[in-house]
Amino acid sequence: MSRAFDILVVGAGPAGIAAAVTAAECGLSVGVVDDNPAPGGQIWRNGAHLPASARRWKMRFEAAPLVRLQGWRIVDRPQPGTVRAQSNDAEFAPDAAARDGADLHYRQLILATGARERFLPFPGWTLPNVIGAGGLDAMVRGGLPIAGRRVVVAGTGPLLLAVAAHLASRGATIAAICEQASAAQIAPLMLNLITQPGKLWQGASYRWATRNSRYLTRCWPVAARGDERLRSVILQRDGKQWTVNCDFLACGFHLVPNTELAALLGCSLDNGFVSAGELMQTSVPGIWCAGEPTGIGGVELSLLEGQIAGLAAAGKTQAAQKLARRRRGALSFVRALGRACRLDSQLRHLAAPETIVCRCEDVPLHALRVHTGWRDAKLHTRCGMGPCQGRICGGATEFLFGWRAGSVRPPLFPALVSTLGGTQAPVVTTSPEETL
Amino acid sequence: MTRVWDAVVVGAGIVGAACARECAAVGLRTAVIDAAGVGGGATAAGMGHIVVMDDSPAQLALTRWSQQLWRELAPELPSEAEFESRGTLWVAADEEEMREVRRRQQLYASAGVPSEILDSRALAEAEPQLRRGLAGALLVQSDAVLYPPAAAAYLMREAIRMGAQMLPPQRVTALAHGRVSLDNGSQLSAGRIVNACGAGATDLLPQLPIRKRRGHLVITDRYPGFVHHQLVELGYLKSAHSIALDSVAFNVQPRQTGQLLIGSSREFGAEDATINHALLRAMIERAESYLPRIGNLQAIRAWTGFRAATPDKLPLIGPWPGDATFCLATGHEGLGITTSLATARLVAAEITGKASEIPAAPYFPARFLDASRLAPAATLYGEAVRG
Amino acid sequence: MAEPESIALTVDEIVVRVSPGTTVAAAALIAGSHTRLSIAGEPRAPLCGMGICFECRVAINGVPHQRSCQILCAPGMRVTTGRELAIR
């Protein structure tokens, strides 16, 4: 399959939805590729508890004249102006169209690839039912029953409260909410929120929903216990440790931006984020970036950036500039959030020597310590060589050792060998006879 | 105080690591310098196929000897080196290629390398994933597979155990007359300088007749048992022989992990590490033409690496006439992993002035200088292609 | 959930009934406790829930290495957990 668009949007979270809707409403042909079964990204995933603004945006998205490739992900960039996508069910889908990859041609490309959680290794973190905070939220929205289960929510960032509130509304018992930051570290974020009553109200409603649970700052899990699955968590606060029995530990240490596609396309990165200008333009002409990959700022900022990128990519520069002024004011939240979620250096010592760091290849901490950098460690221990391609262990080794993951190479995600090879053009093979 | 070394090995790839180990073993005060860690260049990019090749009598002699050295070393190798005596199946598509199978079987027998001819049915039984109707294959049982960065790290640990020093990572900026200049402004003083920089050797010695020959590889997720031997089309010989043209060949290797490495491509004139999608496509289609279901497996990564190619397909091992302190150990093209151990023996013999175990002259760099007196590399290639 | 709206699939030959829109990963956890075995043989279950971590891999209809957290259950699906398995 091959499709051409004026504007192609990658990702259908808030930023991607805003970008696609805005661009399509300008009258251009717009395509959206998103790897989840349904639009909404991580934060607007299906299920209860979507705020009214989310429902409005999703309705506009459904109504807009868009070509949607839902459940597809970008795996390669075979040439400038073209990305190659593969369906999640390519290997067992009954129809041939889903089996083959799709080459998507674009004039303008908007990257709204979102963020993932940062995970830190600690003894027992590989046990079943030790899961991301957003991860458990996603699983529950994907049909996992949670009523009557005991959950410890831990890590850092505003996501913890949102997740706890959602799980509580589904009947889970939230045994504890553990925020690694101190109250003093979080306070400036609260002050920042005072200028944004919507967010403050949301935060207060989450805390109200979890009012029966303990909310502990400067607290984190030091070990998860269980045999075939999680049975209990050992929590630590101010040097004191205690055990909490639970069915799930939902644990995420804030977010890591998904910048791999931007890097493959040659976009400049700055300190781990995609460099974007006033109108969300990247360093590569014709490629724009909106939402978390440019800086972790949450839903409101993502919506704003998506609209700016959608307008700018559609050539509506003046309208984009108008919104860009509003964005400037909102950027202080990104900085405040970053400071509030800064990780306590004690968390570097959670993992024991034998604790697995790379889950794909079962590489323990002690094997990594002797290496000088990411690439050296990868070559000699297989850390990051598995199918997640370092997306999970890379976030950990960045914090533990200060390593930055190396160059990005295709396929961006594991892809069928035939898709990597390309499915469109006629076969051009150099036969051995011709090389004689 | 400047420490004086008997030998400074420049480059900590598998060839440099092997040279350091051999130099230390014969009692030379040895240092190794590399801009990065051990085995990060072509050593990390290659397949790790220990293979006997017979492009020329000298190539056969070097690969056969080095393969024996690997087999002797195998029991010492750590598990992460993933040494496996898989054997190579040289796959013949038709009767013409079967004639080549029979010719090589006799040649290998005369060189003491056992091999076995498989007919069409035996090949299908040995490798059911291969397409039907192939003519047969030559099975070379003694060929093996390993994971080169881990093997290089082992060789380096052994070198250090025997007294060699791995110096802190530092880029080498110049080599001449027993002096190795480093990026930080310091110098090393050496009786002999071993240039084991692979395709980067010309950065320090531009007149070497070496050109970068880029290759692509793809690795899959784990599919244990999909194939059992390293599978190479006999056409590979033709493609590897050809010097002038970009080419692809069917070359698939099962790893101990259950993963498959899919190769191969050869390409001149490409200096950067980016993927050439036209060549990648041709390479994958070639693989699919032999293994029709390989396209249904998931690829995890594709990458490129640079072989150090010489005009006559033989490495440059030994003294360099322009500078008596130089000893070269480069130009191995696709056989650096295979021939690293033999290369190191030749280098140690050269430095200590002892007789080598096989004739060393065919690999002397001087063979090019005699013909053309320091002619630019491109001219040498032009002559070789016309010849 | 009313019976006609549920989807029946098998997880390791156990019949599981789920609502439409349920991911294969959720079905796998409903049926048991884990999705894959790590290369050292440890049981693993989903971590990220969003197609990044690859801990949720299962075989679907005999095809290995499928990211179950991003695939929705379909009637008659055969899901196999806990094995690094099988070639087609």
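These numbers come from the heavy atoms of this one structure, side chains and all, not from hydrogens, waters or symmetry mates. Per chain, numbering begins at 1; letters A, B, ... match sequence-line order. As the structure is a computational prediction, the values presented were derived from the model and not from experiment.
Looking at A:K58, its side chain does come within 3.5 Å of a backbone N or O of A:W44 through a donor-acceptor pair. Looking only at distances, no side-chain donor or acceptor of C:E5 sits under 3.5 Å from a matching main-chain atom of C:P20.
The part of C:Q66 that comes within reach of chain A is its side chain, from C-beta onward, which places non-hydrogen atoms under 4.5 angstrom from that chain. For a residue to count as touching a neighbouring chain, one of its non-hydrogen atoms must lie under 4.5 Å from one of that chain's; by this rule A:Q389 does not touch chain C. Neither the backbone nor the side chain of A:D137 comes within contact range of chain C; no heavy atoms are under 4.5 Å apart. A:E228 touches chain C through backbone and side chain together, each having a heavy atom under 4.5 Å away. Heavy atoms of A:V130 lying under 4.5 Å from chain C belong exclusively to its backbone. Within the 4.5 angstrom heavy-atom criterion, only side-chain atoms of A:I356, from C-beta onward, approach chain C. Of the two parts of A:R229, only the side chain, counted from C-beta on, holds a non-hydrogen atom closer than 4.5 Å to a non-hydrogen atom of chain C.
No side-chain heavy atom of A:L420 sits under 4.5 Å from any side-chain heavy atom of A:V75. Put simply, the side chain of A:F122 does not reach to within 4.5 Å of the side chain of A:T355, judged on heavy atoms.
Here A:G142 is the residue among A:A138, A:G132, A:G142 with the most heavy-atom pairs under 4.5 Å with chain C. Most heavy-atom pairs under 4.5 Å with chain C: of the set A:E361, A:R359, A:E117, this distinction falls to A:R359. Considering only heavy-atom pairs separated by less than 4.5 Å from chain C, the leading option among A:D35, A:L136, A:L127, A:N258 is A:D35. Looking only at heavy-atom pairs under 4.5 Å with chain A, the residue among C:M50, C:M77, C:H34 that has the most is C:M50. Among A:D362, A:V140, A:N129, A:L144, the residue making the largest number of heavy-atom pairs under 4.5 Å with chain C is A:D362. Among A:A133, A:G143, A:P128, A:G135, the residue making the largest number of heavy-atom pairs under 4.5 Å with chain C is A:P128. Of the listed residues (C:C69, C:C56, C:P46), the one with the most heavy-atom contacts under 4.5 Å to chain A is C:P46.
Side-chain contact, A:N36 with C:Q70: a donor N or O sits under 3.5 Å from an acceptor N or O.
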| request: Give the intermediate values and the outcome of salt bridge (Lys or Arg N to Asp or Glu O under 4.0 Å) for residues C:R78 and C:E13. | output: CA-CA 8 Å; C:R78 284 179 298 110; C:E13 292 168 11; over 6 Å; no
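A salt bridge links C:E42 to C:R44: one of the charged nitrogens lies within less than 4.0 Å of a carboxylate oxygen. By the 4.0 Å N-to-carboxylate-O rule, A:R116 lies too far from A:E292 to be salt-bridged with it.
Taking a 6.0 Å sphere around CD1 of A:I43, one finds it holds 12 or fewer heavy atoms contributed by other residues, nucleotides or ligands.
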